[in-house]
**Q** 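Quick one: this structure, given as structure tokens, is what I'll be asking you about.
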Amino acid sequence: MSAVAGTSTAEPESSVDVVAEANAMLVQGKRNLLCGEIPDAVNALQEACTKLAGKYGEMGDELGDSYFHYGKALLELGRIENEVLGNALQGVPDEDETENEAEAKESDDKVENPEDVQEGSWEDDDEAEGEDTAEDIEDDTKENVNPDDIPNFQLSWEMLELASVIFKRKNTKEMSLKAAQCHLSLGEIGLEIEQYQQSVEDFQECLRLQKEHLDPTDRLIAETYYQLGMAYGFDRKFDVAIEHYREAVKALESKIASLKKVVQEAEAKGDIGDNLTDDVVDEARKDIAVITECLPDIRTKIEDCEQEKTQTNVKELTQEAMGVGSTTSGFSSASSSSAPQPIGVKKADSDKPNDISSLVRKKRKPEEGDGDGEKKKMRQENGTDVDVTTSSKANGTNVAQPQVEANLHVVVEDVKKMESVQSASEVVQSTRL
């Protein structure tokens, strides 16, 4: 009996020790998280979750806070790793580009040296590549089983999802607001991994829960509006982003107005000097200063969204103009919109090319005098030759006789004019002499 009794008393004591240790690790992890000691916070909170899960099960109500803070710590750790990797990989080519360049070089070498390529070598390479792919898939599957290789963002998302499920079990204001904070952090993960639609859904759920239990001027609601504006902005939905940014500004301005009212009422009542009143007034003034500093940043975000929207619209209009400008420049819209008319072309009767000699205008040779016409050459006094053709057939077409006579008449008149000019010049020269 004494042994049984001793065992029964030892079990509760050991369980109490586990819970106490887990709570101590939870407190330590929260402190590390606030102080920015993220790796230490992750280790402490992971230990707390492990101990509490062993005591209450993985879905125990007691694990809500531990899961939430552990997820927050993993989110911060993932952000730090992204910054470090981003700075380290600046100027380093991607693996895909390096592999493609290596494969292209190898293929070029094979083409340059065809004698080195044996029959069936390509097939052997394909088979080896297929075997390597299967082995890689098996290795990846084994590695994915290891929880230490799970990305921090993915593990953070899982912890926050568990925490939100646990908090939503109890329909109280406190638990609902905690669930809202879980969705806010889930939305931040979506921003980090560029899953903007999922991020918007989480932020909207957070806003819904906050509106049920908080005053419209609460800073938490303004923060959620701001995060929604960020998500929509990254998703290039600038109109909706601007709308949510303005809602955040509106909420903060309302909060400033309410805080100023508190300060003015305390000053009007003459309660300044009371310790409690002084604390409230000092806290209100601090909040006013902090919120006032936040407003310019949000207004800058609005201006950035408006500029991005304008640039996007200009770019789209430019692309549209370039797309239709080459087909409509210099023509009316009616002519450009009408369908092009086909050009009638007579098809050849056979595959042989047609004889087009009849379509070419030929110059008749002097020796080809067939009696059909007569060529006259008239030499002007200035040495210029004038050719006049009186052929009845010019280049294969009949020429009317009146037209030929008219041409001769013009030539004769020109010659007479030139002779008169020349005689006049001779008279002038003789006069000078």
Side-chain angles (χ1 to χ4, degrees), residues 21-53 56 58-85 147-148 150-170 172-196 198-210 213-214 218-228 230-231 290 294:
E21 292 176 0
N23 290 333
M25 298 300 295
L26 178 60
V27 173
Q28 181 68 23
K30 290 180 180 179
R31 188 195 69 81
N32 292 333
L33 186 60
L34 291 174
C35 295
E37 301 170 356
I38 307 302
D40 295 336
V42 169
N43 294 330
L45 293 169
Q46 181 182 10
E47 186 67 21
C49 292
T50 302
K51 292 181 178 296
L52 291 175
Y56 301 106
E58 293 182 355
M59 296 301 295
D61 294 340
E62 293 80 4
L63 275 82
D65 286 336
S66 299
Y67 284 154
F68 172 71
H69 289 94
Y70 184 37
K72 289 280 290 182
L74 289 169
L75 172 59
E76 297 299 328
L77 184 61
R79 286 172 172 169
I80 294 173
E81 290 179 351
N82 275 357
E83 292 178 359
V84 173
L85 291 175
D148 293 336
I150 299 177
N152 289 321
F153 287 133
Q154 179 180 348
L155 188 57
S156 174
W157 185 87
E158 294 175 357
M159 294 297 105
L160 292 169
E161 277 287 337
L162 289 174
S164 66
V165 171
I166 292 173
F167 290 144
K168 288 181 179 179
R169 288 176 182 172
K170 297 180 180 179
T172 62
K173 178 180 178 180
E174 180 182 3
M175 292 300 171
S176 296
L177 292 177
K178 287 183 178 181
Q181 290 301 112
C182 290
H183 284 287
L184 184 68
S185 298
L186 288 169
E188 293 176 0
I189 295 175
L191 293 181
E192 293 292 337
I193 62 177
E194 298 182 358
Q195 297 293 329
Y196 302 125
Q198 182 64 40
S199 179
V200 166
E201 294 177 1
D202 287 317
F203 287 142
Q204 288 177 344
E205 179 64 17
C206 172
L207 186 62
R208 183 188 68 81
L209 294 172
Q210 289 174 342
H213 303 284
L214 295 177
D218 196 283
R219 289 175 60 183
L220 293 176
I221 293 179
E223 180 184 359
T224 306
Y225 275 126
Y226 178 81
Q227 295 290 351
L228 274 168
M230 292 277 289
V290 172
C294 295

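Basis for what follows: all heavy atoms, side chains included, without hydrogens, waters or symmetry-related copies. Fair warning: this is a prediction, and the values are worked out from it, not measured in the lab.
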**Q** Taking atom types as modelled, find out whether Glu81 and Asn152 have a side-chain donor-acceptor pair closer than 3.5 angstrom.
**A**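 There is such a pair between these side chains.
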**Q** How close do Leu220 and Gln210 get, heavy atom to heavy atom, and via which atoms?
**A**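 For Leu220 and Gln210, the tightest heavy-atom pair comes out as O-OE1, 3.5 Å.
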**Q** Applying side-chain contact (heavy atoms from CB on, under 4.5 Å) to Glu188 and Arg79, what does each step give before you reach the verdict?
**A** CA-CA 10 Å; Glu188 293 176 0; Arg79 286 172 172 169; 3.1 Å; yes
**Q** Can we say Glu174 and Lys178 salt-bridge, meaning some charged N sits less than 4.0 Å from an Asp/Glu carboxylate O?
**A**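 Yes, this pair counts.
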**Q** Is there a side-chain contact between Asp202 and Leu184 (heavy atoms, below 4.5 Å)?
**A**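 SC-SC contact between Asp202 and Leu184 ruled out.
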**Q** Do the side chains of Ile193 and Gln198 get nearer than 4.5 Å, heavy atoms only?
**A**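 No; the side chains remain at least 4.5 Å from each other.
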**Q** Can you tell if the side chain of Thr172 reaches within under 4.5 Å of the side chain of Phe167, non-hydrogen atoms only?
**A**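 The answer is no; the side chains never approach within 4.5 Å.
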**Q** Counting only heavy atoms not in Glu58, do more than 12 sit closer than 6.0 Å to its CD atom?
**A**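 Not more than 12 within 6.0 Å, no.
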**Q** Can you find a heavy atom in the side chain of Leu228 that is under 4.5 Å from one in the side chain of Val200?
**A**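 Yes; the side chains approach each other to less than 4.5 Å.
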**Q** From Cys49 SG over to His69 NE2, what is the distance, rounded to the nearest 0.5 angstrom?
**A**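 Output value for this atom pair is 10.5 Å.
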**Q** How far apart are the closest heavy atoms of Leu207 and Tyr225, and which atoms are they?
**A**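 For Leu207 versus Tyr225, the nearest heavy atoms are CD2-CE2, 3.7 Å.
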**Q** Once rounded to the nearest 0.5 Å, what's the spacing between atom CE of Met59 and atom CD1 of Ile166?
**A**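 Rounded to the nearest 0.5 Å, the CE-CD1 separation comes to 5.0 Å.
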**Q** Indicate the atoms forming the closest heavy-atom contact of Glu192 with Leu75, along with that distance.
**A**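 Distance-wise, the nearest heavy atoms are CG-CD1, 4.4 Å.
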**Q** Return yes if some donor-acceptor pair links the side-chain N/O of Tyr67 with the main-chain N/O of Ser164 below 3.5 Å, else return no.
**A**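 No; judged by distance alone, with no hydrogens or angles, the pair does not exist.
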**Q** How many angstroms lie between atom CD1 of Ile150 and atom CG of Leu155, to the nearest 0.5 angstrom?
**A**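 That separation rounds to 6.0 Å.
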**Q** Can you tell me if Ser176 uses its side chain to pair, donor with acceptor, with the backbone of Lys173 under 3.5 Å?
**A**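 Judged by distance alone, no pair lies under 3.5 Å.
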**Q** Is the backbone N or O of Gln195 less than 3.5 Å from a side-chain atom of Ser199, with the two atoms forming a donor-acceptor pair by type?
**A**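 Checking the backbone N and O of Gln195 against the side chain of Ser199, no donor-acceptor pair under 3.5 Å is found.
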**Q** Using the rule given for side-chain contact (heavy atoms from CB on, under 4.5 Å), can you reason through Lys170 versus Asp61, listing the C-alpha separation, both sets of side-chain angles and the distance that settles it, and then say yes or no?
**A** CA-CA 10 Å; Lys170 297 180 180 179; Asp61 294 340; 4.1 Å; yes
**Q** Answer yes or no: is there a side-chain heavy-atom contact under 4.5 Å between Glu205 and Leu186?
**A**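 No, their side chains stay 4.5 Å or more apart.
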**Q** So does Lys51 pair up with Glu47, basic N to acidic O under 4.0 Å?
**A**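 Yes, this pair counts.
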**Q** State, to 0.1 Å, how close Ile189 and Ser156 come at their nearest heavy-atom pair, and which atoms those are.
**A**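 Nearest heavy atoms, Ile189 then Ser156: CD1-OG, 3.4 Å.
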**Q** Of all heavy-atom pairs between Lys72 and Ser185, which one has the smallest distance, and what is that distance?
**A**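 Result for this residue pair: CD-OG, 3.1 Å.
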**Q** To the nearest 0.5 Å, what is the distance between CE on Met159 and OH on Tyr70?
**A**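 Here the interatomic distance stands at 6.5 Å.
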**Q** Any idea which heavy atoms bring Ala48 and Met25 closest together, and the distance?
**A**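 Looking at all heavy atoms of both residues, the shortest contact is CB-CB, 3.9 Å.
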**Q** Could you measure the distance from the CG atom of Asn23 to the CG atom of Leu52? Nearest 0.5 Å is fine.
**A**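 One gets 6.5 Å once the value is rounded to the nearest 0.5 Å.
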